[in-house]
Structures are given as structure tokens and as C-alpha cells.
2 protein chains.
Amino acid sequence: MSKGLPKRSEDYSLWYNELVKRADLAENSAVRGCMVIKPYGYSIWEKMQAELDRMFKETGHTNAYFPLFIPKSFLSKEASHVEGFAKECAVVTHYRLKNAEDGSGVIVDPDAKLEEELIVRPTSETVIWSTYKNWIQSYRDLPLLVNQWANVVRWEMRTRLFLRTAEFLWQEGHTAHATKEEAMEETIQMMNIYAQFAEDFMALPVVKGKKSENERFAGADETFCIEALMQDGKALQAGTSHFLGQNFAKAFDVKFASKEGGLEYVWGTSWGVSTRLMGALIMAHSDDNGLVLPPKLAPIQVVIVPIYRGEAELEAISAKANEIMASLRKAGVSVKYDNRDTYKPGWKFAEYELKGVPLRIGIGPRDLENGTIELARRDTLTKETFDLNSQPIEEKILGLLSEIQASIYNKAFKFRQEKTTEVNSWEEFKSVLNNKAGFVSAHWDGTSETEERIKELTKATIRCIPLDRKEEEGVCILTGKPSSGRVLFAKAY
Amino acid sequence: MSKGLPKRSEDYSLWYNELVKRADLAENSAVRGCMVIKPYGYSIWEKMQAELDRMFKETGHTNAYFPLFIPKSFLSKEASHVEGFAKECAVVTHYRLKNAEDGSGVIVDPDAKLEEELIVRPTSETVIWSTYKNWIQSYRDLPLLVNQWANVVRWEMRTRLFLRTAEFLWQEGHTAHATKEEAMEETIQMMNIYAQFAEDFMALPVVKGKKSENERFAGADETFCIEALMQDGKALQAGTSHFLGQNFAKAFDVKFASKEGGLEYVWGTSWGVSTRLMGALIMAHSDDNGLVLPPKLAPIQVVIVPIYRGEAELEAISAKANEIMASLRKAGVSVKYDNRDTYKPGWKFAEYELKGVPLRIGIGPRDLENGTIELARRDTLTKETFDLNSQPIEEKILGLLSEIQASIYNKAFKFRQEKTTEVNSWEEFKSVLNNKAGFVSAHWDGTSETEERIKELTKATIRCIPLDRKEEEGVCILTGKPSSGRVLFAKAY
């Protein structure tokens, strides 16, 4: 619609790419697979960071920073870990450039070869557990609750802005505990924090669950996750929390003197969410006019656009706008007044729709006469005339912002409900996947072989074993073997 | 003293290294030259970031994120830029590992060689200006005021925690302007913001000045800086702001349609401060007992230590401590109550001295009887008994914290004054450098040759041409040639 954004119904994938670029969220860089996060996109990410960081700190975690580089030998210390990451590693081999002797320009200096190659971190378990070995001697040093905000690199061949990029930003928590129980509690606590963040701030309903063995993090004993559904019926893994058992403690020989006087391996967890959440946020709520942002993460919650002819009208409207801005700012609402004379109101309306600003206030000369303003909601594209004398403006706006936040969540929740289907046969399974898409709840015999076969046949994977699933006798949709409960399948990002 | 920290007077360098490690600020990692910033150190860096970020935003800047990797050809586009950075570049040449066929472990896959090598960013001018080419078409797109918080890598051979590390954290501002004047104003504004941050928050007096041509940023027309003096009489460059002229605009062909209808090259600036500021903070104020932190950057401003025998005493003291904590927190003071029974009060006193907590409150049974507390200042190591009925506790503490902040600054200012010497002859110059050290204010003939010769002979460099220097006729201390004003020399970190 505005600025010729493609329609979701015609080409969802193109719609997403164009939206990301035109709403000034991100763009591809000159470096293959690496994105530039533009100021507007980054300001949404900053709001996400701030809330998550607060939640981490409230649960006793502190931030730290570990090296970007991982010696190749470190990565190899945990067998399944290196297996999982070796195929997509950016490798630093040299540490100097020099001028080519033939004058052809700058070349890598062959004399500056590293003794051991360094891997640009795809994740930091190995370098962090090598450090924890020095930090942990006794049970008094535990639990160790550390988080890191960082960039990581995974050399993906097919990339997509925010969803899958060679470099991305994330946080990775790495904790160490004296007991298995405590480590498991931490793993589940962090999954719950991610779910709470997704639902309360991103207005994104998620399913909490456990991954099947196939989909587990390389090096974990269990992976918990939150899974969300996008508007095209594909699932998106929005965050993971791993119970590492003693795998990394054993790989890096991290032991502690217990209260009872023994020497034991430490139990570990790791958990992360990334700029992928930006992709989830965009795809879950936006429409053919542009972004739809939940008010709690919108960098600009309210925009005021004056509708005027000539200086005198603008001056009178600006006086009213400034008054409204002052009231709203005092109430903690982020508000922008766009009085640029280089653009017309219609252009501005389309622009702020594209950018997903939750509420737009229009003020014209007739509004001034009547003591009213026009209020336009981004999520429903509805308008109302508000009488400024009927209620304090900040009350009205705060009320509307809460309503919008809830309404966006409810819409996504209802969509997910409609797009979650229980099936009991293979034919039904294929038919739902191909026509309706979404989450398909089905019985599975619990083996990796069957899961892989289903993926080959349908491209659907087990997104998770929902934590709240009922015990239920059934038979696997593919093999007919017995199953004790349903799992959620979907095609996924 | 406490925990056997070396004395500054005996081995300043060892004192610094040990202090950084023992106060849990940072440590060397398994990766050569890369540090681990530990949680306590990182929490100070976070406070610095928060204040700087606020100052940047208040002056109209927004954050964004650009790729970690820079194609080798980009670095080469600005001649003096590549000259400056080529000798210390980490180079990514491959994107995959594989299992060696002889079973010897994981090796770099020779089939996964990149077509063009990627440099891990030592600074981002090139990748950012290649992006700005797409963002800037018209004068309406200017000014572009962007900042990035990121990690960068410079393969330094001799590294030192915080002061010089292969990887470090920093912010880098990159702005684009329509006119030379506006770009120069921005350059100077950012130098002033850095100076204000150093003085108001770090309690660190700085000299604002311009770099000589030799010390200029590779690719800049002018470099402005703030220079601070450490307790060993060596200078430390604490922040730089570069006027880039049209150098990067020309290298990346970034032009804009002017208001008048012409097509012109854009004017640029870049500016940065890094985790090096942590080194400056530590070295400027700390003593033989440990860190001395200015209250505005201290993660814990007040610690309360109970002095007790037995449960009953602890309970009574804790009630009072909780009351005090509540009052202080309400007043915005960050306060910690250390009631661990695994450590004695004496051990805790030494620990918080080492960690630089500005104020310590001791409460014993006699204090409870008398309605008093013991207040100990970290900066002066002085104690007083405070009568809780004489003044609201939060008033007293807020007053003391301001006093400490000012007192730390004043001490550093006085030290710098004493260690700044005007000299008028070569003999005097050498003698001051070798005995008293500090800043040496001297006449210089303005040539790079003379500056280099002085560096060879004395290891001293021109730290800056102070912005507030007086016009003054004189003769160069080395060559006797005419000079129109003094510059500041020093040995530097």
C-alpha cells in the first residue's frame, strides 16, 4: 500500500524483506550475510535489551565480557559442540596486511600467520568455561550467574535480514551451579523469563517446550525453547535455554570443593535470545501498510501531525501540540511532534503507519475551535475524535496504549489458536501442513529416525514437546508405533 | 597492603596489573592480548556507557550497528587509513572447519577459502561510509548523527589490561554534514562532551587540545583529544574526535544535492572512547589499598558491614541496617548490606577498600545503644561517628558522596598542576622528563621531523596543542627555530 509495499497475501517473503528495508529497520551490507541495523531498527532492539537486561539483573545475573576469538582447540574440546558449529565458522588465520611487492595493492602478509587459528565466536561456551575453571574452586563461588551482550558469527549460506544473518547480536547467559537440580531450575527460569518478555513486551504468544534430541543445542543435555507462530503459518524459535549437564565442566575440567568436602564437576546452563526477535516482532504483527509495534517496544509511541495552511495556523496548532506533548511526556509517554514543512500530512500519515507508531494525533484548525483532536490507532487503522475536555489527555492516551498492547497480543493469540490443529493420521498431517499450515499437534514415536523422515517428507520439524501437554495414549502419525503424548510440528524459520 | 597489593612507589606497573586482577575488574584470557572483563569491572563500564549514551542522545545522536567485518578492498580505499591500520589487522580467510582425514582433529577446510579476505574491524569508517553512500542523497538527509557501541580488534604486540588490548570495547560516532563548518562544530562538540564526562563523572581533569600531524588519526584532517595525567606522571589519551574533511566521502563517493542545486562531497567526523577509560579511571585515583572510585561511577556507593557476635546481635543490627538501606535507596543511593557470616568484618573492610566502594557504614552493638553509625571514607581513609538523630541519614550520605566526588577531582587536579612544568631549554626539558615527569609545556618549531627526533631522544611525544594556549613568541627547545606557542609533551601510555 503506502510506498508500494508488497501485499502479504501475494508474496509474504518479499513483503517482509521490503518492510524491513523501507521502515528503516535494517539492510544488507557490502559484507555477505552481514546486516546493517539502521537507527530506527536499533532503537527497537535497545528497548528489548533494556527490558531483558532488567529481568536478568532482577534474577541475580550480572554482565561481563569475554573474547571475540576462540582458539580452534577450545572448540574441539566438547565433541558434539564442535560437530554442531564447525561447518559455519569464520576463521582468523593472519594478523597483518602489507603492500604487495608488485604494487597491486594491499595483501595478507604471509609472514604473519597465527600459530593457532582463531574462530570468531559462534557462541561462547568454550571460552567461558575455560575462564570459569579459574573462577570456581569452592561451593562458595557458586552459583555463578553471568550474562554477555555480544556479536556472534555463524557463516550461514542462506541469510535473511534479522532471521538468519552471518553476524548477529545477542545475549548469552552462562551459569554454573553446585547441583543438577539448581542448574535445571535456572534453565527453566530463563525459559520462563523469555516467555514473559515475549508475551508482555513483544505481545507475542509463545509455546514453552522442550526440544527433541535432533533439535537440541550442540553440547546440551536438554534444550528448552519458546516457539512463536508467524502470519504465514511458519513457526519461529524465539529463544532457547540449555541444560548443559556437566558436559562443559568435564571438557574444561571445572570442579569445585563441595560443602561436604568432595571434589565435583560443576553443572551448567546457557541461554540466549538474539536480533532474530526483531524478525519475530515484525512478522507477527505487521500488515500491508507497514509495521505494527506493540506500544511497550515502540521508540515513538505517539506522533502528533499538524494539519494547517500557513504560518498562523501552524503557530496556533503548535501551541496546543506542545501542551499535549508536555502532559504526555510527564506521564512517561514517548511522543514526537512532526512539524516539518517539507512533507504534507498525508505523506506523514503513511510514513508513521509504515514505521508502526501505535497512535497518531492529528490537529487541524477545526480541532482547535472545537477543543478536539483526532486519534488514529495503527493496529486497527481506526480513528476517533477526542474531546480534550472530556478526560485528561494523558489518561486517555495511557489507556489507549494499554488497550493496543493487549489487542495486538489477543489478535496474535487468536491467530495461533486458529492455526493450531490436532491431527491423528498421516494424510491429515500432510493436508494441514500443505493447506492451513501453522502448528500441527500430533503423536510421534519418540525416535530421531521418524522425526528425520517426517522432515524429509514434509519439511516440518518438531518445534517442541510442549511443557503443558497432556499424557495421552496414541500412535505415531508416520509409523503407527505407540506414543504417550502429542508434540508440535511446523515448518519453521 | 590489603591482600598484599604491591606498592605504587615500588612498582607502579605491577601495582596496576595486580589491582586490575584482584579487584575483579579484568584478567587476561586464553586468547593472546584479549581480556575478560569481569562482572565488577563490567558494571563500572556499564555506568560509563549509560552516561555517555545519554549525553550522545541529548545532542541528537542515535545508535546503529554495522558489520564486524570489513572487505580488504574497503580498507584500502583511503590511503592513509590503510597505512595506519594494515600492520595490526586480524584477517578472516576461511569460513569452515572439518575433520582432518588423518584423524588428527579439526582443521581449517582448505576448500572454504573466502574470495576476498575480511578484516575484523579496527574502526568502522570504511564500512560505514560505504553505507552512507546509500543513505545520503540530498541536504535533507544531513546531518546524519550516528553512534555505534561495538568491539574492535587491533593486533597489538604488547598488550596491557584495559590500556592496550587486541580486542576492546568502544563507541564510535560517525557523522556526516553538509558544510565544513558544521562538521568542525560537531568535532569540537564531541571533544567537549568527552571532557565533560571525564571531569564530571570520572573525576578526571583533562587537557583539551589538537593533535600534531604525527599523532593524527589515519584518515583525518584534524584530531582533537582529551589528555589526562596518571599518578606515575605518564599521560593517557582518554578520547579523540576527528575532523575527517571530505576524505572518506571522496574515498566512497558520497555526494549530496545541496539546497542550491549543486552536487557536493559530504563532510565527516568520527569520535570514540573505549574501555581504555577504565585504565585511566583506575590509574588516576587508586592507592596502595586498592581502587578509589568516584561515587558517580561506583556500582556500589555505600556498603554496610555489621560488627556482631551471635545471632541476636546480628538481628538487631540488621533491623537498623535495613532501615538505613531503605532510606538510602529511596534517595537513589546504591547500597549493599554484607551480612555474610563466612567472612569477618576486618576481611570485609579490606575487600571493599580493594573494590573502591566510596563509603562504608559500620554498625556494632554500641552503635545501636548510642544511635550512631561509623562512616568510613574510601578516598581519605578517614572515619567519623555519625549521630543518626543529628540529620536524616540520606542527607548526610548524599552530602558525603558529593564531597568525595569533588575531593577526588580536586586531588587529581592539584596533582596535574604540580606535574605540569614550563621549560625553556633542552637541558631543562630532559631533566624534567627524567626526574619529575608529567606534562612538559615547551616551544616546538612545528615540524614532524623535530617531533620525531624528540621522541627518539626522550620517548616523549606531543600529547596535544592545548586549545587554551596563549600566543607566545619563543624558540623550539630542540632546534632553536621560532615557535608561536607552547605544546604539551609527555611520555604516554
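All chains are named by letter (A, B, ...) in the order of the sequence lines, taking the proteins before the strands, and each is independently numbered beginning at 1. If you're wondering where the values come from, they're calculated on a predicted model, not measured in any experiment.
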Residues of residues 84-95 of chain B within contact distance of chain A, non-hydrogen under 4.5 Å: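 Ala86(B), Lys87(B), Glu88(B), Cys89(B), Ala90(B), Val91(B), Val92(B), Thr93(B), His94(B), Tyr95(B), listed by number.
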Part of residues 39-46 of chain B lying next to chain A, heavy-atom separation under 4.5 Å: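 When heavy atoms of chain A are the reference, residues 39-46 of chain B contributes Pro39(B), Tyr42(B), Glu46(B) within the under-4.5 Å range.
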Kindly compute the distance separating [atom1] ([X]) from [atom2] ([Y]), expressed to the nearest 0.5 Å.
X        : Y         : atom1 : atom2 : result
Phe69(B) : Glu167(A) : CZ    : CD    : 6.5 Å
Phe66(B) : Cys34(A)  : CZ    : SG    : 13.0 Å
Ile37(A) : Gln148(B) : CD1   : CD    : 9.5 Å
Glu27(A) : Trp135(B) : CD    : CH2   : 5.5 Å

Looking at [options], which makes the most heavy-atom pairs under 4.5 Å with chain A?
options                                   : answer
Pro67(B), Ala150(B), Ser130(B), Ala26(B)  : Pro67(B)
Val127(B), Thr62(B), Leu169(B), Asp109(B) : Leu169(B)
Asn147(B), Thr342(B), Leu68(B), Val146(B) : Leu68(B)

Proximal component of Lys133(B), with respect to chain A [non-hydrogen, under 4.5 Å]: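 Neither part.
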Under 4.5 Å from a heavy atom of chain B, the part of Asp53(A) involved: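 The answer is the side chain of Asp53(A).
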Contact origin within Arg140(A) toward chain B - heavy atom pairs under 4.5 Å: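 Side chain of Arg140(A) only, per the 4.5 Å heavy-atom cut-off to chain B.
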Residue-level contacts of residues 117-125 of chain A with chain B, using a heavy-atom cutoff under 4.5 Å: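 Those residues of residues 117-125 of chain A which have a heavy atom under 4.5 Å from chain B are Glu117(A), Leu118(A), Ile119(A), Val120(A), Arg121(A).
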Taking only distance into account, with no hydrogens and no angle test, what donor-acceptor pairs under 3.5 Å do side-chain atoms of residues 71-78 of chain B form with protein atoms, sequence neighbours excluded?
unit_1, atom_1, unit_2, atom_2, d
Lys72(B), NZ, Val106(A), O, 2.6
Ser73(B), OG, Glu116(B), OE2, 2.8
Ser76(B), OG, Lys72(B), O, 3.1
Glu78(B), OE1, Ser80(B), N, 3.3
Glu78(B), OE1, Ser80(B), OG, 3.0
Glu78(B), OE1, His81(B), N, 3.0

